[in-house]
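Inspection log for the structure reproduced underneath, given as structure tokens.
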Number of protein chains: 2
Amino acid sequence: MQQHILENLSKSELLREMKPAFLEALAEIAVERTLVSDETLFMQHQEATGFYLICTGSVKVYRIGGDGREQVIHQFGPGEIVGEVPVFQGTAYPACATAVKKSRLIYFARNRFVELGRRQPEIFLNMLAILSRRLRQFVELIDDLSLKDVTARLAKYLARGCDSGSSCVVELELSKSALASRIGTIPATLSRTFKKLQDSGAIKVSASKIHILDCELLASIASGEKLGDL
Amino acid sequence: MQQHILENLSKSELLREMKPAFLEALAEIAVERTLVSDETLFMQHQEATGFYLICTGSVKVYRIGGDGREQVIHQFGPGEIVGEVPVFQGTAYPACATAVKKSRLIYFARNRFVELGRRQPEIFLNMLAILSRRLRQFVELIDDLSLKDVTARLAKYLARGCDSGSSCVVELELSKSALASRIGTIPATLSRTFKKLQDSGAIKVSASKIHILDCELLASIASGEKLGDL
DNA sequence: GTTTAGCTTTGACTTAAGTCAAAACACTGA
DNA sequence: TCAGTGTTTTGACTTAAGTCAAAGCTAAAC
């Protein structure tokens, strides 16, 4: 049973980064919960008693405006976490959450979570590490999105693969369309950009295998050097 | 003395959001440190013994590549925090950090920080709240940067001000150039965009006071409705 | 094999938004 | 008051990258 929960936890993009021992401790305090479509998780203004990890299904988070209309803020899917901010803050839920289809969730009660952290502060420390690392990555991506062009962003993505080695092969673990949205563009543009990088001589593309021919060149493109400037 | 540190802490964009009592506790374990230009904070691979908040000056973080050349990853300025990720993770510093000019920093020793969290886990919880809230905002901004145009982003920024009320006045607390970079654009474009929104009848601009004339319209522009579609 | 469906690539076209430079405006201190 | 500095606006121009639609590929399914 707890084993089953553990498996689900490690599908969450954030939690999977925790140290295994801590993740197990977290699984211990978790309980599973199934919702039918349109069942409500929590309401706006209600005291935040716990947060949820979505395993399957989908949950919409929305606010009820003064005029009674509901305004959807976001829809969350598998692997995403809902409601943790007010739980950590100790405030009320700032919005409502309702399942839009049959969903399986994992629930973490606030008091059990706090108790866990009191016994093992390292768990909180581990979570702080994950969040601040993620924050760093996002700050960087935001910078890149507004300052760099698609070519530089793709080059940067590819350059992560091979450190300093003069040549190597990167196997894309994402589909090209997924990669496109990862670096903030669309498949058509990505395709053209791959070709552009290939023409520059920095890489060679064969399906999902990218041969990095000139790592230095790739790095300089990644840092914003225009191809024409060479 | 500690009072002085406290003041500096509340200038950090992240720490200032902490509950005052916790911030004071944090100030208790902090020590001030002054660096001359080119003085090194820490080296790559060295055990992470603590992290720093920059009060004045500037610190560059860089990696030494296999070929000995230093590759600057980022330069941090006042209010920013350096080195917290490896400290939280309990790993070595992944890069080097050196002051690029005379700088005043505040140092948090890892062991004192952990000890503090052990005594008062609520402090960690409070920090978790701040980080996850910030993360949420960033996820949203990243979405907006790649999916929405400047007009929608500006409309959204302005719409935060007036909830559901049909009309109100928002006083910009940022300069227009700061606002521009906040929503991922440049002053020239921002200026034109303000005019565009004004022409649509949603707002009226007078210097740093923005009169919101039609909140509904503004909200629909914010959610991606093109002005031509009306 | 052939069909169907899902990616990926390509081409032709459009446009939002950036660049650069000049002008207008605002604010401070002499 | 005026000079002097910094910010905001404007205009003319350029371009990266998006849209849409068609054509190629793969690869599993019949």
Side-chain angles (χ1 to χ4, degrees), chain A residues 141-158 170-200 202-211 220-230, chain B residues 141-158 170-200 202-211 220-230:
Chain A
L141 181 54
I142 289 172
D143 266 23
D144 289 355
L145 280 174
S146 37
L147 299 175
K148 292 185 178 170
D149 58 21
V150 174
T151 312
R153 299 207 294 273
L154 177 57
K156 183 164 175 178
Y157 180 87
L158 296 173
V170 176
E171 172 87 36
L172 295 180
E173 69 272 33
L174 290 82
S175 75
K176 297 222 169 135
S177 351
L179 174 56
S181 92
R182 171 63 112 74
I183 64 172
T185 185
I186 53 170
T189 299
L190 180 68
S191 173
R192 293 183 241 263
T193 309
F194 264 124
K195 192 175 290 175
K196 217 155 101 184
L197 282 179
Q198 183 161 310
D199 290 349
S200 81
I203 64 171
K204 171 121 190 24
V205 184
S206 23
S208 70
K209 277 194 177 44
I210 314 297
H211 299 254
S220 77
I221 294 171
S223 62
E225 225 83 57
K226 291 283 166 289
L227 287 169
D229 304 352
L230 303 169
Chain B
L141 181 55
I142 289 173
D143 267 22
D144 290 355
L145 281 174
S146 37
L147 299 175
K148 291 185 177 171
D149 58 21
V150 174
T151 313
R153 299 207 295 274
L154 176 58
K156 182 165 176 178
Y157 180 87
L158 295 173
V170 176
E171 172 88 38
L172 296 180
E173 69 272 33
L174 291 80
S175 76
K176 297 225 169 132
S177 355
L179 174 57
S181 92
R182 169 66 110 76
I183 63 172
T185 187
I186 53 169
T189 299
L190 180 68
S191 172
R192 293 184 240 264
T193 308
F194 263 124
K195 194 175 291 176
K196 217 157 98 185
L197 282 178
Q198 183 161 311
D199 289 348
S200 80
I203 63 170
K204 170 118 191 29
V205 184
S206 25
S208 70
K209 276 195 179 39
I210 315 297
H211 298 256
S220 77
I221 295 171
S223 63
E225 225 83 56
K226 291 281 166 293
L227 287 170
D229 304 355
L230 303 173

Atom pair distance, as rounded to whole Å: CZ in B:Phe194 and C1' in D:dT7: 14 Å
C:dG18 base / B:Arg192 side chain donor-acceptor hit below 3.5 Å: no
B:Ala222 backbone acceptor or donor facing B:Lys148 side chain under 3.5 Å: yes
Spacing between B:Leu179 atom CG and D:dT8 atom P, to the nearest angstrom: 10 Å
Touch class at under 4.0 angstrom, heavy-atom based, for A:Thr193 against every strand present: nothing
A:Thr185 vs B:Ser191, nearer the 5' end of DNA chain D by closest nucleotide: B:Ser191
Pairwise side-chain contact, A:Leu158 with A:Leu172, heavy-atom cut-off 4.5 Å (strictly under): yes
Residue closer to the 5' end of DNA chain C, A:Val205 versus A:Ser146 (nearest nucleotide): A:Val205
Value in whole Å for how far the P atom of D:dT10 lies from CG of B:Asp199: 10 Å
Minimum side-chain heavy-atom gap A:Val170-A:Tyr157 below 4.5 Å: no
Gap between atoms CG and P, on B:Leu190 and C:dG18 respectively (whole Å): 10 Å
A:Ile186, nearest nucleotide to its side chain (from D:dT19, C:dA17, C:dT9): D:dT19
Per A:Pro187 side chain, nearest of listed nucleotides C:dT9, C:dG18, C:dT10: C:dT9
Whole-Å distance separating the CG atom of A:Leu147 from the C1' atom of D:dA17: 17 Å
Short side-chain N/O contact from B:Lys195 to OP1 or OP2 of D:dT10, under 4.0 Å: yes
A:Ser177 vs C:dT8: side-chain N/O to OP1/OP2 distance below 4.0 Å: yes
Separation of C:dA17 C1' from A:Asp149 CG (nearest whole Å): 14 Å
Contact nearer the 5' end of DNA chain D, comparing B:Ala207 with A:Thr189: B:Ala207
Interatomic distance, B:Leu145 CG vs C:dA17 P [rounded to whole Å]: 11 Å
Nearest heavy atoms of A:Gly184 and B:Ser146, plus distance in Å: CA-CB, 4.1 Å
Spacing between B:Gln198 atom CD and D:dT9 atom P, to the nearest angstrom: 10 Å
Selection from C:dT8, D:dA17, C:dT10 that lies nearest to any side-chain heavy atom of A:Lys176: C:dT8
Within-4.5 Å side-chain heavy-atom neighbours: B:Leu190 and B:Val150: no
